[in-house]
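Since the structure comes first, as C-alpha cells, the remarks are kept for the end.
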Amino acid sequence: MLDSVSAILNALASGDASARQITEQSLEAIAQTDPKINAVTHVAAETALATADDVDRRRAAGQSLGALAGVPIAIKDLICTTDMPTTCASRMLRDFVPPYDATVIRKLRDADAVLIGKTNMDEFAMGASNETSVYGPTRNPWNHDRIPGGSSGGSAATIAAGQVPASLGSDTGGSIRQPASHCGITGLKPTYGRVSRYGLVAFASSLDQIGPMAWSAEDVALLLETIAGYEPRDSTSLDTPVPEYSKAIQSSDLRGIKIGVLRDGLEQDGLDESVQKSVTEAMQVFTDLGAEIVDVQLPHSQYWVPTYYVIAPCEASSNLSRYDGAHYGHRSDADIDPADGPLLSMYRHSRQEGFGSEVKRRIMIGTYALSTGYYDAYYNKALKVRRLIRGDYDAAFQQADLLLGPTAPTSAFALGDKLDDPIQMYLCDLYTVGANLAGIPAISIPAGLDDSGLPIGVQLQAPALEESRLLFAAAAFQSQTQFHQLRPGKP
Amino acid sequence: MPQYETIIGLEVHVQLKTDSKLFCGCSTRFGAPPNSQVCPVCLGMPGALPVMNRQAITLAVKAGLALNCNIPPMTKWDRKQYFYPDLPKGYQISQYDLPICADGFLDIDDPASEGDTRRIGLIRAHLEEDAGKSQHDETSGRNDSRIDLNRCGTPLLEIVSQPDLRSSAEAKNYLTELKLLLTHLEVSDCEMQEGSLRVDANINLHLDVDGKKIATPIVEVKNMNSFRAVERALDYEAERQYAHWEETGQTIKDAPKTTRGWDDSREQTFAQREKEESADYRYFPDPDLLPVRLPQSFIDQVRDTIQETPAQARDRLQTQHGLSAYDADVIVNQGAAILGYFESVADVSGDPKRASSWIQQDVLRTLKEQETSIEQFPIPAKRLGDLLGRVRSGDLDNNRARDVFAYLIENDTDVDSACTALGIEAVDSGEIESLCQKLLDDNPQVVQDVRGGKQQAVGRLIGQAKKVNPNANPQQVRETLLKLING
C-alpha cells in the first residue's frame, strides 16, 4: 500500500486506510530498514503523525483536503524546514533549524502532505555517491555494498527501500536523475525556475533545481504539480502558469513525436554495455509507441563536464562564504592562533572543522577560478561555452521533440570505489549536466537491470517548460514496460 | 621648493530614500534597536534569496540623469567577496562592470574665481547593499564584539568622481552641490550624522620638479563625517604627502595605494590597518538576481519626474524672477523647501526681489535663532506673500511690516488681524495730503529749500508726519510733500 502515491491516495479516498495507518507504516519501514541503508537523517514522527491525524479528522468531517493529503514524503536535507533541522549533511549546519520554510515545503504543507523526515545526501549536494555526508554513506537498497548515487541518494534510497512513496531532491548536475537511475525509480529535474529555489540551501545557484522523485512518472507529475509555480521571493522563478501535469500524461500515443538520439553519446568511453543496451531497447519501446527516432548532434557535449566543474565550484565558493562561524552554524572553540588573531582564527578553524574535504576542494577550485588573472581564463570562458551548449540544445530541439540517452554511464558502483578519484566521480555527471547548463527539464526512468540485478535508468530531455511532454513520454514508456515496478529483493 | 597640484577624486556613498532595503522588505529606519530590522534575506541565511527593490532602481536612475550620466539599457548585479563579521553572506551585492549610471558630470562653483564654474567628471554611480555595523567593546580587558545587522541591505548609491578636483575647497563645493542636488530630487536625505552620506577621498600630489611631473603615492582617506572634516583632512593630507615626499622622495611608482583614517579631534590622518592586503574581491555576476533591463520608456518616465535641478532653478530665478546671480544662489542653496517657500512668497506678493531679501534676512535669521526648519516656520508662505504685497503697494512701510512680521511669528493669525492688533490702519491719501499741507504751512523754509533744489529737505517733515500719524507711509508722505511743493 505504501508503494505508490496514487495507490495511497486511492486507499485513503476509499477509506481502505487512514492517513495515520499510512504514516505509521512509513515510520515502521524507516525503523526497520534505515539502520541498514542510512537514507534518513531526521525522522519527524510526532509532527508527521499530527499531520496525519489532522488529515483523517478533516476527511471524516467532510472538509476539503489538499492534493497530497496523507501522503508521506521525505525531504532532502538541504531544503529549509522550520520543524526539522536542515543540515546539508554537513558538520557546519549540524544543529541548524531554519526560521522559515522553503517555498516547496509551504506548498507541500498546503497540499496536506505528511512530511516524514529529512534524507541523507552528499555534503552541500557535492558528490555523486552519497558518501561525503557527515552522517556516513547511504547504501543502495538493491545492494548494500553499492552506492545509491548522489547527491539526492537518500531521497532515492528512501523510496527504493519502501520507506516513503515519494521524496524531494535537488539537481545541480544530475543529482536527482543519477540516484534515481541507480535506485530504479523515476526522478525529474524541472526547468530552471519552474520550482522556486526559495529555501533551498544554495550549492550553485544558476544550476540548482528542486525536483520530485517517486516510482512512476504519474506520481512524479502529481508532485511537480504541487511544488511548481511562481514565487515572488525568488527572482529566478518563472512567472508562468503550472500545467496540470497529471492530466497531460493520460494518453500513451506517441505518434508524431520525434525522439532525438545522440549516436556519439552511445559510443562514448566508459559507457557500460548494459546501459547502452537499455537505451537501445528503450528506443524500440518508443518506436513501438509510434514515436520516430532521429539522429541529433550536441556538438559541444564534450565540454559539458569541464564547463560544469568551473561554474558550479565558482558559485559554490561564493555561496558557502556565509558559513564562517560568525552568525550561525558551526563555530570552532579552538584556541586563537596568535599569528591570525581572534577573527581570522575563528574563520579558519570554523571552516576547517565544519566542511568536509569534497566541499573544501570545490571552494578552492572556485576561489581560484574567480580570482584576478584567472577569471577570464576559467569562469568567463565557461560562461561563453555555456551559451554554446544552450545553442546546441536549441538547434537539437528544432529536429526533435525529446532527446533520449543514458542517465549515468554505469549502474551503481561499489562504495568507496571512486571516493579517492574526484575526476572519476565527476564523470558520473557526464550525461546529466547538459540539462543543468541549459536550464532544460530532464527525467530519468527505470529501463532495465544489469547482470548483477542493479537498476539502469534512461534519460529524456525536453525544451524549457516542456515537463508535460517529458512526463507524457515517460508515462507512455511505463505503460508498456514493467521496469518501474521492479523492487529490490524481488527482481 | 617645487610647485604642486593637489589631485582629488571623491567616492560618495548616499543612502537612497526607499521605503525598504535593497533586496528585502525590511525597514531602513535609522536608530532602531540593534538587529530589530532584519529578516532571513538581509541576514544571508541559507536558502534565502534577494529580490530587487524597484524603487531603488528608479531613484538611482533619477540621480544619474540629474548628474548627466548615461543610463545603459542593461545593468546587472555582481557579488563582491570578502570576509567580515558585519557582512553576513560573505559577499556584498554590488555592481561591477555594468553600473546603472556612467560618465556624468557635476558643475560646481569655482572657489578660486567667483562667478565661474568648474565641471567635475563622474566616472560612474552604482547601486550596492550596505553592510552591518560592528561595535568592539574593549573595556575592562574584555574582547567582545557586538554586531548590529540593521543596516545590512540598505540601498546605497556610490558616486565616483574623476580625479578632477584640485583643492579641498573644490571638494567642499562638490559635496555641497551634490548633497543639494540629491536632497532636492528627494533621492537621499544625505544626513551625514546618520550615515546616509559617507565620503572617501583619493588624493595625491602632482609636483613640478625641474620641469618634470612627479606624482606622489595615492592615499584613500576614509571615515570623515562632515564636510568640514573632508576639507581639513584633504588639507592635512596634501601637506603630509608633500612633507613625506621631501623626506623620502617616494612617488606613485614606489608605493601602492594606502588607506588612512581621519581623526577629527586630533585633526590628522593616520595609517589604517588594511582590511585585506591587496584585496581580491573575486567579483562575478550574482546568479540569484537577473540582469535588469532599463527600457528607454522607463528612463524617459523617470526623467519626467525630475522637474528641475538646483542649477536650473538658479537660472530660472534670475531670468523669470529677475534675481541677481548671488541672490538666486543663496535661495537655491538653502534647499528645495526654502526654494518652494520663496516661489510662493514671490508669487503672492508679486515682488520676487523683496521676497528674496526678506527670506535671506528675516526668515533665515529667525530660523537660525529658533533652530527650526522652514517646514516648522510659523509664517506660511502665503501669509508672508500677503504682507510683502502690502509693502509693495505702499499700504505698509518696511518698518511697520517688520512689526507685523514679528507679531506673526508669535501669533498664528492673518496679516489683517496682526495690523489691527498693532493699531496699524491704512491711511487714505486725502488724510495724508491734509497732513502734509499742514506741515508745509508750518515749515515754509522747507518749501523754499526744495524749490531751491534741495529735495532732501523734505526728510525732516517725514519724521514729523510719522509722529502725528504712525500709520503714515514715509514713501507716500515724501511723494505727497514734493507734489504739493512743486504744484
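The sequence lines fix the lettering, A, B, ..., with proteins before strands; numbering per chain opens at 1.
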Counting only non-hydrogen atoms closer than 4.5 Å, does [X] touch chain B with its backbone (N, CA, C, O), its side chain (CB onward), both, or neither?
X        : answer
A:Pro98  : neither
A:Tyr368 : neither
A:Tyr375 : side chain
A:Tyr323 : side chain

Less than 4.5 Å apart, side chain to side chain, heavy atoms only: is that true for B:Val41 and B:Leu49?
no
Closer than 4.0 angstrom, basic N to acidic O: yes or no for [X] and [Y]?
X        : Y        : answer
A:Arg106 : A:Glu231 : yes
B:Asp78  : B:Lys76  : yes
A:Asp337 : A:Arg348 : no

The residue among A:Thr236, A:Asn319, A:Thr172, A:Asn436 that forms side-chain hydrogen bond (donor to acceptor under 3.5 Å, both in side chains) with A:Asp208 is A:Thr172
Kindly say whether A:Ser371 contributes a backbone atom to a donor-acceptor pair with the side chain of B:Asp280 at under 3.5 angstrom?
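Here the side-chain-to-backbone pair does not exist.
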Name the member of A:Gly199, A:Ser196, A:Cys88, A:Cys314 that forms the most heavy-atom pairs with chain B at distances under 4.5 Å.
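Looking at each option in turn, the highest pair count goes to A:Gly199.
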Top contributor to chain B contacts, counting heavy-atom pairs under 4.5 Å, from A:Thr367, A:Asp324, A:Asp234, A:Leu343
A:Thr367
Segment of B:Tyr283 engaging chain A (4.5 angstrom heavy-atom cut-off):
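For B:Tyr283, the contact with chain A is made by the backbone alone.
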